[in-house]
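Below is one structure, written out as structure tokens; comments come after it.
As the structure is a computational prediction, the values presented were derived from the model and not from experiment. Sequential numbering from 1 along the given sequence is applied to the chain's residues.
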Amino acid sequence: MGMKTVCAAGALAVLGSGLWMSGCNSAPELTKTNAQTLIQSDYDKRPAEPATIAVDDAGLKQGLNAKLWKLVKVYPNNRWADYSLTDDGKKAVMLAGSSDVIQWRPDEGQRDFHFFVTTVAANHLKAKDVDDPQDDVVANVQTAKSARFTEVYDWTGIPDSVQNIAHNAINRLSAKRQADFALVNGAWTVHSVN
């Protein structure tokens, strides 16, 4: 056996062991479906949240028609009024503070006046429309991927009348987010959601 044969065999052994070692470190595939499942699992571990809903003039009228609140006082300028939450309204929404009186006080000609209600029911956020995960660089993570997705509120258990108000143009019902994933002990985990 010549020196060339020994060198060639040694090179193949080194190359083969390198390929074998890199094969051991390969990451499992992270599909859109897997990413969505991981994000949703992360959201489901967090405390459920009530929805905060902006109520403008259209929403005020919708809530009045749905008997979530009732008119209790009109002021002499005919722009200001007080509305009190009804018993059904108290089961569905809360006002800021401890009051159950809506103080409607728009300035003359003001079209963007609004107030906020918070749903009594609390739900978990939902992840949908997850993009394909991409290789990424994430601080303090050796092997990372990221995926953009849409975050939405789960309206389960929220009365239709409140959902209708939430769907008015003043409210933003979804947000674009990015989930960063880390490979930990051979499995993908959610590192962060931004």
Side-chain angles (χ1 to χ4, degrees), residues 32-33 35-131 146-181 190-194:
K32 282 199 273 191
T33 303
Q36 183 168 353
T37 300
L38 288 171
I39 297 165
Q40 192 59 57
S41 175
D42 183 64
Y43 277 163
D44 291 346
K45 289 176 189 171
R46 300 176 186 187
E49 301 176 12
T52 300
I53 302 167
V55 182
D56 58 6
D57 188 55
L60 179 71
K61 292 173 186 169
Q62 287 172 304
L64 191 59
N65 290 335
K67 298 183 176 27
L68 295 172
W69 41 80
K70 63 184 176 190
L71 179 64
V72 292
K73 182 176 180 179
V74 176
Y75 289 84
N77 65 11
N78 286 325
R79 286 189 318 275
W80 292 3
D82 289 340
Y83 299 85
S84 179
L85 290 178
T86 63
D87 288 340
D88 285 343
K90 290 175 187 176
K91 293 175 189 171
V93 296
M94 298 178 290
L95 300 174
S98 59
S99 176
D100 66 350
V101 175
I102 299 163
Q103 297 179 334
W104 188 256
R105 305 285 190 274
D107 292 330
E108 187 171 350
Q110 184 180 8
R111 297 194 185 281
D112 63 350
F113 187 78
H114 61 277
F115 63 95
F116 294 96
V117 296
T118 304
T119 59
V120 171
N123 291 321
H124 294 281
L125 296 171
K126 296 290 181 192
K128 60 182 255 181
D129 303 329
V130 177
D131 290 344
S146 65
R148 303 271 304 153
F149 68 97
T150 303
E151 175 186 85
V152 297
Y153 188 77
D154 177 10
W155 295 99
T156 303
I158 310 293
D160 290 343
S161 56
V162 176
Q163 290 185 47
N164 291 338
I165 295 169
H167 283 84
N168 289 341
I170 193 170
N171 290 294
R172 192 176 95 200
L173 299 178
S174 65
K176 286 300 271 182
R177 300 273 188 239
Q178 177 174 310
D180 294 328
F181 302 94
V190 174
H191 179 71
S192 63
V193 174
N194 306 308

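None of L95, V72, L60 except one satisfies the side chain to side chain contact (heavy atoms under 4.5 Å, CB included) rule with Y83; the exception is L60.
Side chain of T86 to backbone of K67: a donor-acceptor contact under 3.5 angstrom is found. Q40 places no side-chain N or O within donor-acceptor distance of the main-chain N or O of A35, the cut-off being under 3.5 Å. Listed for the S41 side chain is no donor-acceptor partner under 3.5 Å among the backbone atoms of T37. Side-chain N or O atoms of H191 include none that pairs as donor or acceptor with a backbone N or O of D180 at under 3.5 Å. Between the side chain of N77 and the main chain of R79, a donor-acceptor pair closer than 3.5 Å is present. Remark: side-chain polar atoms of Q36 are paired, donor with acceptor, to backbone N or O of A127 under 3.5 angstrom.
The aromatic rings of W155 and H167 sit tilted relative to each other, their planes meeting at an angle between 30° and 60°.
Nearest heavy-atom pair across A147 and V130 is CB-CG1, 4.1 Å. The minimum heavy-atom distance between Q178 and S146, with the atom names listed, is NE2-CB, 3.5 Å. Of all the heavy atoms in A122 and P50, the pair that sits closest is CB-N, 3.7 Å. Of all heavy-atom pairs between D57 and W104, the closest is N-CH2, 3.7 Å. For the pair I158 and A121, the tightest heavy-atom approach, listed with the atom from each and the gap, is CD1-CB, 3.5 Å.
Applying the salt bridge (Lys or Arg N to Asp or Glu O under 4.0 Å) test to D100 and every residue at least two apart in sequence or in another chain returns K90. K73 meets the side chain to side chain contact (heavy atoms under 4.5 Å, CB included) test with Y75, D82; sequence neighbours excluded. Taking the side chain to side chain contact (heavy atoms under 4.5 Å, CB included) definition, one finds that D42 meets it with R46, V190, V193, sequence neighbours left out. Remark: R148 pairs with no residue by the salt bridge (Lys or Arg N to Asp or Glu O under 4.0 Å) rule, at least two apart or across chains. In terms of the side chain to side chain contact (heavy atoms under 4.5 Å, CB included) criterion, residue partners of Q110 (sequence neighbours excluded) are, by chain and number, P106, D107, D112, F113. Residues passing the side chain to side chain contact (heavy atoms under 4.5 Å, CB included) test with D56 are A58, H114, N168, I170, sequence neighbours excluded.
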Practice task
Apply the test salt bridge (charged side-chain N to carboxylate O under 4.0 Å, His left out) to residues D87 and K91: give CA-CA distance (whole Å), side-chain angles for both, the deciding distance (0.1 Å), then the verdict.
Solution key: CA-CA 7 Å; D87 288 340; K91 293 175 189 171; over 6 Å; no
Handout entry: Evaluation steps, side-chain contact (heavy atoms from CB on, under 4.5 Å), between W69 and L64
Key = CA-CA 5 Å; W69 41 80; L64 191 59; 4.2 Å; yes
Exercise for the section: Before giving the answer on side-chain contact (heavy atoms from CB on, under 4.5 Å), spell out for L68 and I165 the whole-Å C-alpha distance, their side-chain angles and the decisive distance to 0.1 Å. Expected result: CA-CA 11 Å; L68 295 172; I165 295 169; 3.9 Å; yes
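Between the OG atom of S99 and the CG atom of L85 there is a distance of 8.0 Å, given to the nearest 0.5 Å. Between the CZ atom of F115 and the CD1 atom of I53 there is a distance of 10.5 Å, given to the nearest 0.5 Å. Atom OH of Y153 and atom OG1 of T119 lie 4.0 Å apart (nearest 0.5 Å). We find the CG-CD distance between L125 and E151 to be 4.5 Å, quoted to the nearest 0.5 Å. Note: E49 CD to N123 CG = 10.0 Å, rounded to the nearest 0.5 Å. How far CG of L173 is from CD of Q163: 10.0 Å, rounded to the nearest 0.5 Å.
Between the side chains of T156 and D154, at least one donor N or O sits under 3.5 Å from an acceptor N or O.
Within 6.0 Å of the NZ atom in K176, the count of heavy atoms belonging to other residues, nucleotides or ligands exceeds 12.
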